[in-house]
Amino acid sequence: MKNFRRGILFIVYLLFWLIAFELMRVFFMLFNLANGFSCSVPEFFSAMLHGLRMDLSAIAYIGIFLVPFFILFSFVKSQKAFNVFMGVLTGLMLCAISLIAVGDAEVYRSWQFRIDASVLQYFSNPELVFASTPILRIVILLVVAILITVGLFFLYRLFTRKLYESLIPEKLYSLLFIAVAGLLVILARGGVGTAPINVGTVYFCDNSFANHSAINVYWNFGSYFFASDADFEKYMYYDEAFDIPSDTTANPFNGKKILREKPEQIVFVLLESFTWTAMCYDNPAESVTPKLVSWRDKGIFFSNCYASGDRSVRGIASIFSGTPSLPDYSVIKFPEKSQQMPSLLLKLADNGYNDFSFYYGGDANFANMNSYFRQNGVEVVSQKNLHLDCRKASWGYDDECMFDEFFSHVQNVGAGSVSILFTLNSHEPFDAPVSPYGTDDELSRSMNAYYYTDSCLNVFLENMQQSPVWDKTLVILVSDHGRLFRSQNWQSLDKSHIVMQWLGGALNESFVCDLPCDQADISATLLSALGVEHAEFPFSENIFGNHCPTAFSTFGRGFSFINADESVWYSGDSDAFYPENISDGCKRITKSYCQKVAEYYAGQK
């Protein structure tokens with residue numbers, strides 16, 4: 001076994017860091033429990049358990065960083081140099097993590113989210129960083145950080161001292177670390193599943209403090225450097241943008257009473273990638289979703305609705321937070337920011353609805369959906385806690401199984417509920433159990449997927465219509481985003497044109513609404529219909545209000561703006577508008593809208 005001593009040292013060293021991260025989590029929780037936050041004993045230990053996956057990812061990154069040094073020093077005759085090198089490196093790392101741990105625990109009292117590397121921007125004005133903290137408290141915190149550093153370094157030496165003393169040069173066996181590095185990459189990613197690990201992966205309950213405690217703050221800190229955050233400055237086109245642009249055209253639908261009565265249940269069905277051109281409402285014979293087309297006249301059909309963005313998480317944020325996206329920014333990926341957003345779901349919770357659930361057949365941790373819904377008081381039901389006897393597609397359980405499960409839930413949940421289902425078969429790679437259009441290319445496979453989800457949705461709607469809950473239920477069908485389909489091109493609005501229809505016995509009448517609108521308008525429209533004010537949703541317009549609504553949509557590195565009279569598409573890459581003959585006023589309104597959205601996000605902590 002002597003030839004494996006370096007490998008044993010490597011494993012023991014990573015084990016030391018795993019224990020250190022767990023100890024830092026205990027420190028964070030005890031520190032903040034003393035400052036008024038609370039969690040139950042089961043939640044305390046659950047945070048330790050659920051955070052373990054992120055801890056393993058964090059130590060994998062440490063291991064990947066160290067592999068070259070372990071290989072290099074395998075060829076050095078004296079191993080004392082390696083011992084000294086690792087001692088210095090570990091000491092510096094422990095100083096860093098101790099400072100982060102103490103700073104994180106301290107600022108959590110005010111910020112109520114775990115810090116990341118974005119805090120470094122505040123150190124350009126260090127006097128402001130410490131302005132709100134008494135000098136004595138700063139000194140105490142520094143002493144605590146030093147004690148943590150010393151204690152953990154002692155633990156490190158306890159774990160590794162004898163192993164360093166027994167090391168010998170191991171030239172041949174050192175090459176095994178190359179294979180080890182490959183395994184660590186998988187561990188760093190969080191496994192081989194569809195969705196890589198993210199902050200939302202460790203969320204497990206409705207207690208925000210317990211969820212936040214499960215986060216490995218060092219993983220969170222490091223991930224900031226690789227996050228695809230937006231450069232808000234590039235959207236500041238004017239010294240002073242217009243106010244949020246609105247269309248002053250009189251609304252022909254103004255005053256419509258769309259609800260017969262307040263719904264006892266509200267059901268959302270989010271249709272993955274259901275793009276308008278695939279539905280072919282204008283030519284039903286060509287539609288790959290003939291069942292959905294047949295429902296067109298059975299509720300309120302919105303024929304001119306647009307997606308806020310081109311990713312699922314951007315659509316979800318727009319639908320449930322009433323806020324548009326930016327071309328390169330998904331607020332859901334940053335829980336500390338998304339929790340500051342207005343929430344349609346929390347607004348409904350304040351107005352008589354008390355049971356919220358989100359059903360998804362795949363991994364709800366994908367792009368932090370789990371954390372977004374949980375922090376809005378929603379129970380998340382996903383592949384993680386479902387054990388269904390049915391086929392799994394590439395992304396999770398087939399839509400047929402999920403619609404069946406969701407239907408049972410809706411029938412049994414009772415009044416005062418808001419239930420959400422997110423389909424998945426129509427997501428790339430369009431893995432569906434039927435193939436009426438063949439499987440020769442991506443277009444055929446996408447048509448199969450749309451056809452399949454359409455049939456599942458139709459069965460669900462027919463069963464709902466025949467059930468006793470239908471008369472007092474509002475069902476909102478809406479795409480999460482559109483996509484290129486057939487001969488679409490980027491210089492058009494077709495990619496963002498999506499499906500939205502409201503159904504259910506709670507509706508007062510059926511009609512087609514051809515006004516431009518987007519997903520963000522759902523919040524104001526629904527709350528207005530319920531008689532609830534919605535001032536905290538500045539970008540959400542009541543589609544049936546005094547004036548015609550507008551639509552703002554983003555995709556790639558561009559965005560579009562649509563009102564009752566004209567529409568424009570802007571390319572950020574070429575700094576060009578399409579069509580080119582659009583009025584200067586419309587151009588300014590379009591950029592002003594984007595700037596206002598950027599200013600809104602930039603104003604968050």
Side-chain angles (χ1 to χ4, degrees), residues 17-39 43-44 47-48 50-59 61-62 92-124 126 128-134 137-153 197-204 207-227 229 333-340 368 371 375 604-605:
W17 279 107
L18 182 64
I19 294 173
F21 290 153
E22 287 292 330
L23 290 174
M24 290 298 93
R25 180 172 290 109
V26 172
F27 168 78
F28 171 84
M29 297 184 78
L30 294 178
F31 186 99
N32 283 287
L33 286 171
N35 284 313
F37 293 92
S38 63
C39 69
E43 286 173 341
F44 184 98
M48 303 284 289
H50 285 82
L52 187 61
R53 185 179 176 188
M54 190 170 282
D55 294 341
L56 290 172
S57 177
I59 67 169
Y61 281 110
I62 294 175
L92 292 174
M93 292 171 66
L94 288 175
C95 287
I97 75 154
S98 298
L99 289 171
I100 291 173
V102 172
D104 173 57
E106 173 66 8
V107 302
Y108 186 85
R109 295 186 305 153
S110 302
W111 291 5
Q112 295 181 29
F113 62 81
R114 308 299 296 273
I115 64 170
D116 55 35
S118 64
V119 300
L120 297 177
Q121 63 185 301
Y122 300 117
F123 283 87
S124 59
L128 298 179
V129 175
F130 303 109
S132 60
T133 307
R137 187 167 183 85
I138 293 174
V139 171
I140 293 173
L141 292 174
L142 287 174
V143 170
V144 171
I146 292 171
L147 292 175
I148 291 174
T149 302
V150 172
L152 289 178
F153 190 82
I197 191 171
N198 56 61
V199 170
T201 302
V202 300
Y203 280 36
F204 63 95
N207 183 332
S208 293
F209 173 64
N211 287 331
H212 292 165
S213 298
I215 297 170
N216 181 300
V217 69
Y218 313 106
W219 188 99
N220 194 51
F221 194 92
S223 68
Y224 181 86
F225 293 106
F226 304 99
D229 204 349
K333 293 184 178 180
F334 305 92
E336 72 277 6
K337 295 182 179 180
S338 64
Q339 71 182 16
Q340 301 175 49
N368 272 350
S371 63
Q375 69 192 12
Q604 296 177 323
K605 291 181 180 179

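Note that the structure is predicted; figures quoted are calculated from it, not measured.
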M93 and W17: CA distance, side-chain angles, deciding distance, side-chain contact (heavy atoms from CB on, under 4.5 Å) verdict: CA-CA 10 Å; M93 292 171 66; W17 279 107; 3.7 Å; yes
State, with a plain yes or no, whether a side-chain heavy atom of [X] is found less than 4.5 Å away from one of [Y].
X    : Y    : result
L18  : L52  : yes
I62  : F21  : yes
Y108 : V217 : no
T149 : I97  : no
Y218 : M24  : yes

side-chain contact (heavy atoms from CB on, under 4.5 Å) evaluation trace for V102 with F31: CA-CA 9 Å; V102 172; F31 186 99; 5.9 Å; no
For [X], enumerate each residue passing the side-chain contact (heavy atoms from CB on, under 4.5 Å) test, keeping only those at least two apart in sequence or located in another chain.
X    : result
L147 : V143
S213 : F28, M29, A47, F209
I146 : V150

For N207, side chain to side chain donor-acceptor pair (under 3.5 Å) partners two or more places apart: E43
With sequence neighbours excluded, residues passing side chain to side chain donor-acceptor pair (under 3.5 Å) with D104: R114
Looking at every non-hydrogen atom in both residues, tell me the closest pair between [X] and [Y] and how far apart they are.
X    : Y    : value
M54  : V199 : CE-CA, 3.7 Å
A20  : L152 : CB-CD2, 4.1 Å
A210 : F204 : O-CE2, 3.6 Å
S38  : L33  : CA-CD2, 3.8 Å

Among N198, N211, N368, side-chain contact (heavy atoms from CB on, under 4.5 Å) partner for P335: N368
side-chain contact (heavy atoms from CB on, under 4.5 Å) assessment of I115 paired with E336: CA-CA 9 Å; I115 64 170; E336 72 277 6; over 6 Å; no
All pairs passing salt bridge (Lys or Arg N to Asp or Glu O under 4.0 Å) where residues 17-37 contributes a residue, at least two apart: E22-R25, R25-D55
